[in-house]
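The model shown is predicted, which means the values in this text are computed figures rather than measured ones.
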Number of protein chains: 2
Amino acid sequence: MLITPYQYFVALCLSLLCCSGVRAQQETAQLGKVRLSFTLDRQGEPVYSVTYDDRPIILPSSLGFKLMAADSLLCRGFVVLRVERSEVDTTWEPVWGETKYIRDHHKEMRVRLQEREGEKRRMDIVFRVFGDGVGFRYEFPRQPELRYFVVSDELTQFHLAGDHKTFWIPGDYDSNEYPYTTSTISEVDNAALVAASTAIAVRVAPDRYAVQTPLMMKTADGLYLNIHEAALVNYPAMQLHVDRASLTLTSALVPDAVGNKAYLHAPCHTPWRTILVSDKAVDILTSKTILNLNEPSKLPRVDWIHPMKFIGIWWEMQTGKGTWSYSDYPDSLGPAGALIPSGRHSANTANVKRYIDFAAANHIGGLLVEGWNVGWEDWFGNWKENVFDFVTPYPDFDIAVITAYAKARGVALIMHNETSGSATNYERQLDTACRFMRQWGYTAVKTGYVGQIIPRGEHHDGQWMDNHYIAVAQKMADFHIMLDAHEPMRPTGLQRTYPNWLACEAARGNEYNAFADGNAPEHETILPFTRLMGGPMDYTPGIFRLQGYSDVPGRQVHTTLAKQLALYVTMYSPLQMAADLPDNYAKHMDAFQFIRDVPVDWDDEKVVEAEPGDYITIARKGKGQGGWYVGAITNEHSRTATVPLDFLDKGRRYKAIIYRDADNADWKGNPEAYTIEMRTVSSTDRLMLKLAPGGGAAVSITPF
Amino acid sequence: MLITPYQYFVALCLSLLCCSGVRAQQETAQLGKVRLSFTLDRQGEPVYSVTYDDRPIILPSSLGFKLMAADSLLCRGFVVLRVERSEVDTTWEPVWGETKYIRDHHKEMRVRLQEREGEKRRMDIVFRVFGDGVGFRYEFPRQPELRYFVVSDELTQFHLAGDHKTFWIPGDYDSNEYPYTTSTISEVDNAALVAASTAIAVRVAPDRYAVQTPLMMKTADGLYLNIHEAALVNYPAMQLHVDRASLTLTSALVPDAVGNKAYLHAPCHTPWRTILVSDKAVDILTSKTILNLNEPSKLPRVDWIHPMKFIGIWWEMQTGKGTWSYSDYPDSLGPAGALIPSGRHSANTANVKRYIDFAAANHIGGLLVEGWNVGWEDWFGNWKENVFDFVTPYPDFDIAVITAYAKARGVALIMHNETSGSATNYERQLDTACRFMRQWGYTAVKTGYVGQIIPRGEHHDGQWMDNHYIAVAQKMADFHIMLDAHEPMRPTGLQRTYPNWLACEAARGNEYNAFADGNAPEHETILPFTRLMGGPMDYTPGIFRLQGYSDVPGRQVHTTLAKQLALYVTMYSPLQMAADLPDNYAKHMDAFQFIRDVPVDWDDEKVVEAEPGDYITIARKGKGQGGWYVGAITNEHSRTATVPLDFLDKGRRYKAIIYRDADNADWKGNPEAYTIEMRTVSSTDRLMLKLAPGGGAAVSITPF
């Protein structure tokens, strides 16, 4: 995928051997405004710091590990063996993405360390400095003194230079499905939120001062700061413990069943720890640094990977109109020992055909059918290991009829493999499940991990499950199946390495508007700065019936209809659901036209304006098309998004279709009021898009 | 397999409904000398007791559970809903075994209990009284009040009537490979033994007063008592906590990674708790009660299951003459990245052919080859998950050549799948491993679980691993592969249900004489009363070179050569190894003749005399043959075994070949001295077999 591998090593520059007991010289690397500094302190402890435009971002912060063997520390008593530097400037083409090409320009500084005494273990710290931030990781060379080892704690610190405004969710070992809290660092305390979040199935957040990454911050002097990680392989997720007094964040790795963090085997390395910084919020959204820190695709072929839109037999269950289960009874209770049908099972042949018809008529590529396989009567909440077998349909789901019907109409069925968190059960049956998908022509699968993990004691965000998710992605690739993982770890850019892994959930999706109190109007303005920094999210936008879809009084979606359209642009994903029911779309086919038209793969992007928690306006250019698509969203406050169309081809005339909130729309009282306008525009125009409270606007701009 | 299903229900007798607050009537069931009594005490707590010939065996002992939900107790406040009685007397034919037919004669008493107040949960306790003991289990009927539940503790007690002499090993969650201690119950304390047993790879025995079952005891007045369990499915192993003051044993279930004991789903039941009792030790050895409490075979066909003897490329690694690994280096270090051969790899094609030649020349059916597959350089001790792939041979193991060579000579190769305790890795690859065995014609596999279990935090003896071992047995049956599991749970008679599961290790085998201090001369006189009560053991007898096989000064096998022969009879297994090297056998081909001749499947048995810790003499009749085979062993003391030959056909003349210790033999100073004598015998004769200290005798008696 490397199309112009123009790459050069500026220097393999020189090394210095520290004299024992003498403080190491400071080593720096800089690209643009970002400068990284490294030194050893008097105890031989590695310390780094980061500045942006000479302003301190990360104050001197320590690095290292506590290992299990006799509680040994691997964080002090080091000398610098050598410092190696190089520079890379290359451009690569992703299989799919927000831009056709991605530039990777960074300076690398590898600091080779060795303990001065004792076992004289070696450890490298590799820094990469980009124009918009820093990535660093630990590497453990092959050495007799350190072969297999167990990480008890990673001691990486991020000592912040101020008490920043922060957008955070709790550091929960099992869930990313919390609403965001906006507070200063010194105010972080997740206890009340965790206790109150009863709609989240599994919550394990023992440290009330721990937050999840990607962590988005804004400094008092207007810098935007994002801390996350890249290429999380064979390691637990890094959450951050907040020391509220010193404003220091410390890596808090998710433990395994016995309290260990990671089992490693040198030669090996950790994931990259990433710090993005800019004085412009839009630079955070366009950063490709996390992708650049991931490995290129491991797949021998990728021509079978196709981004797509899909509808689903799903929202009707989320809103209580149907059920995943075939029966209301968990055990076989009919006279012949068979399940007694409840009559409310959504994944029945006739209903599936209706959805296939709708998809075919509206150029929607895929159809997800949940609840098709036996086991849903008691799938959740029992920490039960053998939940599903992934190959046995309910009696009213005629897979032969359905797959033939879909194939004849050009609709791709999307498999659903809910594991209920029982990863061991899924692994045992994974080959069988994949062969079943191949047999019936499924080319994509949505996996799910709702529930406590089995192996019991493991967590969604631990090393064992990290390896599981990746093994599933690899296995699916072996069978040419695209993957959309729900309730996995939050992503770290691995979609570059496994481009069949199109999307993840791993955040609070639109579904919380169905079965719980929902998402505040600001929610979608925060997600792109947090969860989406690691990769695409299957947020399931496109709800048109925003009130009255539930029996719960007062329950509604916290956006306008126009904002639901805008999300197809602001919430990037190569896999986008049109989540509402065909009947609800049928009432607004003029608005549905935007969903029909909007691409899911792009040649270019232009983040017009953005402020986390407040608003986002993005323009994207469809892959291989001349057309652009604009999405603008706001929080609970109305605003006017200003969109200069300077990204259009000069001198060319375009047809703009503007899907916007009606003048009297607002998310709470009048969410479904929208207006569609058509205009002729060119690159010298600017759109002024009025967004209602909780509203948005979507625009398609296609050349005449 | 039920050949004469003559079976009758004596009564479906009647029930009494307890009045609230009134003590329940005592219910009893008796067969022969064994009487079981049940009642509810004043708190509505179930209590049982057992007598033998009116002598108390189990004093009133309580029954019940602590469940996880809000620490709820399921052990008091019960009323008796109904008592149902029945009697069964039937005979069945095992696929293989010690006798051609097995009689199952028992009285069953099912006590249906319900809580008087609160959730009014129901629980049945089912007792089966046999002529030689009692089995009982808990059953949880289908009920809305108890569906999925978690067992925090089982509260079953065995209140002993005296401070018996006891043969015990520690209650270790991960190992049964301890030497036996003989002490009174009040002296039980495993701490020193566990600490000293450094030759055992993984030791987890947090309760110093816990012992493993089968637990063998002898009372002061000469009764023999054995406590174990039968049909251990979907449940952890029951170890026993010893209250040394009250002489009470309490069920101590092996916990899972988070400290729970069992995850159950009603309707369901626990394994059977078994209490065997007799005034004759030989009755304990011939008891079939544990088999009778197991379910019949689940396999649709069993004609592919064939007991056999085998040799192995194994003892040469155990004794340090060769290695499992191909290289001395754990990582690829050759110039092309390949492993550097050490030159000491035993599983090489030329060596395997030598063993095949020996097996073919000596009518040994099978050959086990360990160390044939890549991964042995760093297979152990690192809690490493992806250890072996089970399908990739080392470069010097030419599987095509070897399997063709073996096939041409009629020798069956036995696959070796060492998991290193990484059960998750094995499960992921199990289908692939089985297809590989089928492809190359392997019909048997030896599995191994040396090391800490993965899923991490699980134990060899926990519920998760119990399900794993059974799933492996079932999968092997699907592929028509016989199973010999090393380092699994100790067996509980499941070989009746999965007759392809021929043998297990799960005890301290002969191998401890190779790599550690070995087994005391009494060891083999205890094992049949303890570990073998649950099922056959792959003890690996047949060592002929008893000294000088190791570089460690003073290391030797703690038996004479003749005793090694006797073990083929006294240590029943349908899978018997001839464990020594072909070169060592070549020096004693006259003695090896007994190993050639001795069957591994039997029509009848006669336990002539036995005393745990002292001696065992057994005669067995070969399956479908007229011949009998006698084995007699002793502990460190010499003795004369007296064997009346009254089991021979009356009036028939037989040729007896007696393999006995030479007159000057003793295990320590002169172990390899033996004498072979031939005699003509008939049913009126008796053999007087002189056994040296640590010695034994083996006799084949075939009709003229």
### Message
Is a donor from one side chain sitting under 3.5 angstrom from an acceptor on the other, for Lys384(A) and Tyr263(B)?
### Response
no
### Query
Would one find more than 12 heavy atoms of other residues, nucleotides or ligands at under 6.0 Å from atom CD of Glu295(B)?
no
### Query
Is any side-chain heavy atom of Val150(B) less than 4.5 Å from a side-chain heavy atom of Trp383(A)?
no
### Query
Where does Asn467(A) contact chain B at under 4.5 Å (heavy atoms): side chain, backbone, both or neither?
neither
### Task
Answer with side chain, backbone, both or neither: which region of Glu385(A) has an atom nearer than 4.5 Å to a non-hydrogen atom of chain B?
side chain
### Message
Taking side chain as everything from C-beta outward and backbone as N, CA, C, O, which of these in Leu430(A) sits under 4.5 Å from a heavy atom of chain B? Side chain, backbone, both or neither.
### Response
neither
### Most chain B-contacting option - heavy-atom pairs closer than 4.5 Å, from Asn382(A), Asp431(A), Asp256(A)
Asn382(A)
### Message
Out of Arg147(A), His265(A), Glu458(A), return the one with the most heavy atom pairs under 4.5 angstrom to chain B.
### Response
Arg147(A)
### Message
Within this structure, what is the CZ-OG1 distance for the pair Arg428(B) and Thr424(A), rounded to the nearest 0.5 Å?
### Response
10.0 Å
### Pick from Asn260(B), Ile454(B), Val258(B), Asp378(B) with the largest number of heavy-atom pairs that fall under 4.5 Å of chain A
Asp378(B)
